[in-house]
Amino acid sequence: MLELKPLPIEFYARDTVTVAQEVLGKLLVRELNGVLLEGLIVESEAYRGSDDPASHAYRGITNRNKVMFGRAGVAYVYFTYGNHYCLNFTTEREKIAGAVLIRALQPLVGIDVMKRNRGTDDVHNLTSGPGKLTKAFSIARSENGLDLTTGKQLFVIESDRQNRFQIASSRRIGIREGSDKPWRFYIVDNVFVSRRGHSK
DNA sequence: GAGAAGATCTCCT
DNA sequence: GGAGATCTTCTCA
């Protein structure tokens with residue numbers, strides 16, 4: 001039996017790029033009306049603050065991104081492209097902006113529920129992208145600002161797969177500015193990664 | 001108050 | 001491989 005012990009704030013309250021790398025191979029856990037959903041985090045991206053033109057926080061605090069400036073270990077959920085929500089974990093200490101975008105998961109527990117949420121039977125298409133995984137896990141605007149360290153509703157735990165995979169990095173996806181930074185990280189040869197990246 | 005762009009997905013060819 | 005869907009958020013006047 002896996003122990004459902006959430007990662008503490010100390011895991012998140014560090015350099016954003018470090019957290020983005022170390023969150024790979026951890027388990028994202030969603031508790032929804034007694035139903036448990038679990039997925040292995042296989043792809044992430046780091047977004048920093050005033051030194052990162054691709055980040056929402058680059059131009060300072062706004063109503064949308066204020067969670068990024070708050071304490072670490074909190075969910076930052078935003079709506080984009082008229083259709084999709086994206087899930088991030090906040091990092092760094094208060095007043096220092098930082099967040100890790102969760103780009104892809106490998107479904108492990110509650111796959112039937114994810115299929116229903118996504119309206120497809122294709123397991124490889126359930127959570128292999130940032131907009132897909134939020135729908136599969138039923139994460140939306142109401143989850144913005146949720147504390148990830150309480151072990152309720154939404155949190156992250158260690159998995160037994162630690163160190164049994166290789167990590168590669170690449171340029172981040174879907175942005176214009178700051179696309180030279182190699183701050184996307186993914187597990188090599190995992191079929192649930194959203195795209196084959198050029199490891200550079 | 002208006003205009004434009006966006007950390008994407010899906011369907012069509 | 002490419003474009004449309006769709007609407008929130010930010011910026012500027």
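We name chains A, B, ... by the order of the sequence lines, and we start the count at 1 in each one.
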[X] has an atom [atom1]; how far is it from atom [atom2] of [N], in whole Å?
X: Tyr58(A); N: dC10(C); atom1: OH; atom2: C1'; value: 16 Å
X: Arg141(A); N: dC7(C); atom1: CZ; atom2: P; value: 11 Å
X: Lys135(A); N: dC9(B); atom1: NZ; atom2: C1'; value: 10 Å
X: Lys181(A); N: dA7(B); atom1: NZ; atom2: C1'; value: 15 Å
X: Arg64(A); N: dA5(B); atom1: CZ; atom2: P; value: 15 Å
X: Glu177(A); N: dA7(B); atom1: CD; atom2: P; value: 11 Å
X: Glu45(A); N: dG6(B); atom1: CD; atom2: C1'; value: 14 Å
X: Ile61(A); N: dT11(C); atom1: CD1; atom2: P; value: 13 Å

Under 4.0 Å, heavy atoms only, any strand: does Arg172(A) hit a base, just the sugar-phosphate, or nothing?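 It contacts nothing in the nucleic acid.
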Among dT8(B), dT10(B), dT9(C), which nucleotide has an atom closest to any side-chain atom of Pro130(A)?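 Side chain of Pro130(A) sits closest to dT8(B).
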Let's see if you can work this out: which of dG6(B), dT9(C), dC9(B) has an atom nearest to the side-chain heavy atoms of Arg176(A)?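 My answer, after comparing the listed nucleotides, is dG6(B).
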Do Leu148(A) and Met68(A) belong to the same hydrophobic cluster, where Ile, Leu, Val, Met, Phe, Trp and Tyr are linked whenever their side-chain heavy atoms lie under 4.5 Å apart, directly or via other members?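 No, because Leu148(A) and Met68(A) fall into different hydrophobic clusters, even though each may have its own neighbours under 4.5 Å.
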Are Val100(A) and Val74(A) joined in one hydrophobic group, where the rule is that I, L, V, M, F, W and Y side chains link up if heavy atoms are under 4.5 Å apart?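 No, Val100(A) does not connect to Val74(A) through the hydrophobic network.
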Of Thr91(A), Asp15(A), Thr16(A), which meets side-chain hydrogen bond (donor to acceptor under 3.5 Å, both in side chains) against Arg48(A)?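 Option passing the side-chain hydrogen bond (donor to acceptor under 3.5 Å, both in side chains) with Arg48(A): Asp15(A).
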Of Tyr47(A), Tyr76(A), Tyr78(A), the residue whose pairing with His56(A) passes side-chain hydrogen bond (donor to acceptor under 3.5 Å, both in side chains):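 That would be Tyr76(A).
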Quick one: on DNA chain B, does Arg118(A) or Ala54(A) contact a more 5' nucleotide (nearest heavy atom)?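 It is Ala54(A), whose closest nucleotide lies nearer the 5' terminus.
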Would you jot down, in residue-number order, the residues of residues 72-92 of chain A having a non-hydrogen atom under 4.0 Å from DNA chain C?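 Going residue by residue through residues 72-92 of chain A, the ones with a heavy atom under 4.0 Å of DNA chain C turn out to be Phe79(A), Tyr81(A), Gly82(A), Asn83(A).
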So which of residues 96-108 of chain A are in contact with DNA chain C, with a heavy-atom cut-off of under 4.0 Å?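 Contacts with DNA chain C under 4.0 Å: none.
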What distance do Phe185(A) atom CZ and Ile41(A) atom CD1 have between them, rounded to the nearest 0.5 Å?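 These two atoms lie 14.0 Å from each other.
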Starting at OG1 of Thr134(A), measure out to CG of Asn117(A) and round the result to the nearest 0.5 Å.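 Those atoms lie 10.5 Å apart.
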Give a yes/no verdict on a cation-pi contact between Arg184(A) and Tyr186(A), requiring under 6.0 Å between NZ or CZ and the six-membered ring centre and an angle within 45° of the axis.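 So Arg184(A) does make the cation-pi contact.
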Evaluation steps, side chain to side chain donor-acceptor pair (under 3.5 Å), between Thr62(A) and Lys66(A): CA-CA 6 Å; Thr62(A) 67; Lys66(A) 60 187 175 193; over 6 Å; no
Before accepting this row, confirm whether a basic side-chain N of the pair Arg172(A)/Glu177(A) lies closer than 4.0 Å to the acidic partner's carboxylate O.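 Salt bridge between Arg172(A) and Glu177(A), a charged N being under 4.0 Å from a carboxylate O: no.
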Taking OP1 and OP2 of dA7(B), is either one under 4.0 Å from a side-chain nitrogen or oxygen of His56(A)?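 For His56(A), the contact criterion (side-chain N or O under 4.0 Å from OP1 or OP2 of dA7(B)) is met.
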Below 4.0 Å: OP1/OP2 of dT9(C) and any side-chain N or O of Arg59(A):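 Arg59(A) to dT9(C) OP1/OP2: no side-chain N or O under 4.0 Å.
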Its dot-bracket string being built from Watson-Crick and G-U pairs below 3.5 Å, with | for another strand and [ ] for crossing, DNA chain C has the pattern |||||.||||||.
Could you tell me if Thr149(A) and Asp147(A) have a donor-acceptor pair between their side chains, going purely by distance under 3.5 Å?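 There is such a pair between these side chains.
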Would you check if the side chain of Gln153(A) reaches a backbone N or O of Leu146(A) as a donor-acceptor pair within less than 3.5 Å?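 It does not hold such a pair.
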Between Arg103(A) and Ser194(A), is a side chain to side chain donor-acceptor pair (under 3.5 Å) present by the stated rule, with each step listed? CA-CA 7 Å; Arg103(A) 285 195 55 90; Ser194(A) 67; 3.2 Å; yes
